Amino acid sequence: MTTPTFKAGLEDVVVSTSEICFIDGEQGRLLYRGYDIHDLVARSTFEEVVYLLWHGALPTRKELGGFVKELAAHRRLSPKIIATLRGFPGKGAPMEVLRTGVSLLGMFDREHDDHSREASLRKALRLTAQIPTLVAAWARIRKGKEPVASSPRLGHAANFLWMLFGKRPTELSAKAFDSCLILHADHEFNASTFAARITASTLSDMYSAVTSAIGTLRGPLHGGANEQVIRMLLGIGEPARAEAWIREALDQKQRIMGFGHRVYHTEDPRATHLRRLSEALGRQAGDLTWYEISRVIEREMQAEKGLYPNVDFYSASTYHAMGIEADLFTPIFAMSRVSGWTAHILEQQAHNRLIRPRAEYTGPTRATYVPIDRR
Ligand code: COA
């Protein structure tokens with residue numbers, strides 16, 4: 001028998017093959033189905049990227065037109081789901097509401113336990129269409145406001161901002177938000193995607209797999225970092241204080257959210273775009289404070305620790321400049337990543353084998369049972 005070996009945090013351990021996403025952590029390259037993220041941000045839309053992730057090829061004009069319509073047609077939530085949201089405690093964190101909301105959507109889906117590729121694609125589409133509606137509805141309900149009905153004329157990104165604020169976004173905001181969704185759509189075997197695949201590998205249903213993923217994304221070492229980043233920036237308050245703040249934090253051995261990555265050892269290619277978007281949206285809002293503080297922190301983290309910003313660092317100031325509340329940042333990450341999670345669930349279902357690794361046992365092996373009255 002071979003002795004099991006282990007790698008803390010599964011660092012660099014390859015657990016499966018996959019045709020969906022490629023990361024080169026040394027060169028800072030990210031590809032979805034072979035297409036460079038830089039090309040996709042410059043030339044594509046979120047809807048087209050979702051199609052690409054699920055089907056493995058870019059759509060024709062006709063296919064994309066039909067897909068965009070289908071997504072828009074499935075945004076509406078059942079009134080029973082809206083009524084359930086109204087019963088949630090007002091302090092319910094949007095990420096918890098989303099986790100519970102997705103679970104709830106599963107109970108209302110008649111195809112819940114149909115694991116055929118066709119049914120799975122339909123469920124992936126409904127989930128991707130309805131998660132933004134859940135997030136926007138809760139953001140309003142918790143403040144005593146009525147949810148805003150989706151607009152069939154608006155694309156996925158612009159429609160979310162419409163449902164959240166009840167007014168049409170500027171062209172810059174809509175385009176920037178669409179780019180953010182593209183940038184967050186997939187990232188190989190990150191923790192939440194792995195969680196989704198593990199759940200799917202037991203032949204559990206897609207809603208359970210996505211619920212597992214949402215719970216995993218929530219942690220501050222993963223998607224929850226973007227909310228912590230904006231709280232840090234707001235705490236620093238002004239660019240002039242940033243250098244002293246970060247030096248002190250590093251002296252105290254604090255972990256700075258939005259920096260470092262398990263796979264990238266150079267600039268995260270997503271951060272390159274988010275830095276630009278943060279500046280553009282700061283200018284639009286007439287307030288570059290958060291962008292400027294971020295620049296100082298980035299400079300110091302590079303000089304002191306050799307660490308680069310990851311996807312969560314500049315997305316925080318980008319969303320803040322759009323007027324979005326901090327605790328919606330991670331649900332927005334989920335709104336995009338659901339496309340990747342479901343692409344991976346489809347791939348897992350197509351070539352399934354139960355994911356069941358081993359542990360290297362380090363506990364005792366010859367413990368002698370002592371009756372309870374003699375312990
Ligand atoms: N701030 C300060 N130090 C950091 C750091 C950060 N953000 N990220 C890593 N480090 C340091 C660690 O303290 C550790 O130093 P040590 O060896 O002197 O103890 C070293 O770098 C390695 O860190 P480790 O946590 O083992 O790396 P990892 O590969 O397990 O972790 C992350 C990767 C992403 C979890 C980690 O970089 C992190 O916690 N970042 C902040 C959270 C975040 O932004 N998450 C979103 C990721 S997209």
Side-chain angles (χ1 to χ4, degrees), residues 6-15 21-26 28-30 32 37 95 180-196 213-236 242-243 245-275 277-278 290 293-320 326-327 329-337 340-341:
F6 112 101
K7 198 80 191 284
L10 296 181
E11 181 169 2
D12 291 333
V13 173
V14 173
V15 294
C21 182
F22 172 75
I23 305 173
D24 181 336
E26 305 308 318
R29 287 184 79 214
L30 170 59
Y32 297 164
I37 192 73
M95 222 25 205
C180 292
L181 295 181
I182 293 174
L183 291 165
H184 287 79
D186 196 42
H187 214 226
E188 202 218 40
F189 270 51
N190 60 90
S192 56
T193 300
F194 191 39
I214 293 172
T216 308
L217 184 72
R218 189 174 182 219
L221 295 189
H222 191 9
N226 56 13
E227 179 178 344
Q228 301 308 320
V229 170
I230 196 63
R231 299 203 186 285
M232 169 178 76
L233 300 180
L234 294 170
I236 296 171
E243 188 176 325
W245 188 95
I246 191 77
R247 283 178 183 228
E248 196 183 329
L250 290 177
D251 281 349
Q252 291 169 358
K253 306 258 177 268
Q254 276 185 40
R255 196 165 277 251
I256 310 301
M257 293 294 143
F259 284 87
H261 199 275
R262 178 60 70 72
V263 183
Y264 293 117
H265 302 295
T266 182
E267 169 139 322
D268 180 333
R270 302 167 299 175
T272 314
H273 292 281
L274 289 160
R275 185 191 291 111
L277 296 175
S278 163
W290 318 107
I293 296 176
S294 303
R295 292 293 290 173
V296 176
I297 296 180
E298 180 182 5
R299 190 188 68 212
E300 291 303 307
M301 286 298 283
Q302 180 54 235
E304 298 295 319
K305 301 281 292 183
L307 288 174
Y308 296 88
N310 57 45
V311 71
D312 293 306
F313 189 61
Y314 281 103
S315 57
S317 46
T318 303
Y319 298 148
H320 184 72
D327 60 1
F329 293 4
T330 316
I332 287 171
F333 191 152
M335 262 169 54
S336 163
R337 185 58 59 84
W341 291 332

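Keep in mind that what you see is a predicted model, and the values were worked out from it rather than measured. Numbering of ligands and ligand atoms starts at 1, following listing order.
Inter-residue side-chain proximity for Met95 and Ile214 is flagged as met; some heavy-atom pair is nearer than 4.5 Å.
Of the possible polar contacts, none joining the His320 side chain to the Ala316 backbone as a donor-acceptor pair under 3.5 Å is found. Side-chain atoms of Thr330 do not come within 3.5 Å of backbone N or O of Arg218 as any donor-acceptor pair. Listed for the Ser278 side chain is no donor-acceptor partner under 3.5 Å among the backbone atoms of Leu274. Although no hydrogens or angles enter the test, the distance criterion places a donor-acceptor pair under 3.5 Å between the side chain of His222 and the main chain of Ser192.
At a 3.5 angstrom cut-off on N or O pairs, Asp312 does not count as close to ligand 1. Below 3.5 Å of separation, one finds an N or O of Leu221 facing an N or O of ligand 1. Looking at Ile256 next to ligand 1, an N or O pair under 3.5 Å apart turns up. On a distance-only criterion, Leu250 and ligand 1 share no N/O pair closer than 3.5 Å.
Relative ring orientation between His187 and His261 is described as perpendicular, the plane-to-plane angle rising above 60° on a 0-90° scale split at 30° and 60°.
At least one heavy atom of Pro220 sits closer than 4.0 Å to an atom of ligand 1.
When distances from atom 40 (N) of ligand 1 to the protein are checked, a heavy atom turns up under 4.0 Å. For atom 37 (O) of ligand 1, a protein heavy-atom neighbour is found at a distance under 4.0 Å. For atom 27 (O) of ligand 1, no protein heavy-atom neighbour is present inside the 4.0 Å cut-off. Within the 4.0 angstrom cut-off, atom 3 (N) of ligand 1 has one or more protein heavy-atom neighbours. For atom 15 (O) of ligand 1, the nearest protein heavy atom lies 4.0 Å or farther away. Under the 4.0 Å distance rule, the nearest protein heavy atom to atom 18 (O) of ligand 1 falls outside the cut-off.
Taken from OH in Tyr314 to NE2 in His273, the straight-line distance is 14.5 Å, to the nearest 0.5 Å.
In the vicinity of His261, heavy-atom distances shorter than 4.0 Å reach the ligand 1 atoms 37 (O), 48 (S). Residue Arg255 has at least one heavy-atom neighbour below 4.0 Å for each of these atoms of ligand 1: 1 (N), 2 (C), 6 (C), 7 (N), 12 (C), 13 (O), 25 (O), 36 (C), 38 (C), 39 (O). Remark: ligand 1 atoms within the under-4.0 Å shell around heavy atoms of Gln254 are 2 (C). Residue contact check: Met257 has heavy atoms under 4.0 Å from atoms 42 (C), 44 (O) of ligand 1. Within ligand 1, the atoms closer than 4.0 Å to a non-hydrogen atom of Ala225 are 43 (C), 44 (O), 45 (N), 46 (C), numbered from 1 in the order shown. With ligand atoms numbered from 1 in the order given, ligand 1 contributes 43 (C), 44 (O) to contacts under 4.0 Å with heavy atoms of Gly258.
If you check which protein heavy atom lies closest to atom 33 (C) of ligand 1, you get Arg262 N, 3.9 Å. For atom 34 (C) of ligand 1, the closest non-hydrogen atom on the protein side is Gly260 O, 3.8 Å.
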Go through the steps for Asn190 and Arg337 under the test side chain to side chain donor-acceptor pair (under 3.5 Å), then give the verdict.
CA-CA 11 Å; Asn190 60 90; Arg337 185 58 59 84; 3.2 Å; yes

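A donor-acceptor pair shorter than 3.5 Å cannot be found between the side chains of Glu298 and Gln302. Using modelled atom types and a 3.5 Å distance limit, the side chains of Glu26 and Tyr264 yield no donor-acceptor pair.
One finds no salt bridge joining Glu300 and Lys305 here, because no Lys/Arg side-chain nitrogen approaches an Asp/Glu carboxylate oxygen to under 4.0 Å.
Aromatic ring centroids of Phe259 and Tyr308 lie 6.0 Å or more apart.
Neither the backbone nor the side chain of Lys253 has a heavy atom within less than 4.0 Å of ligand 1. In Glu11, neither the side chain nor the backbone holds a heavy atom less than 4.0 Å from any atom of ligand 1. Within the 4.0 Å heavy-atom criterion, the part of Leu307 lying near ligand 1 is the side chain and not the backbone.
Exactly one residue among Asp268, Ile37, Thr272 makes a side chain to side chain contact (heavy atoms under 4.5 Å, CB included) with Leu183. That residue is Ile37.
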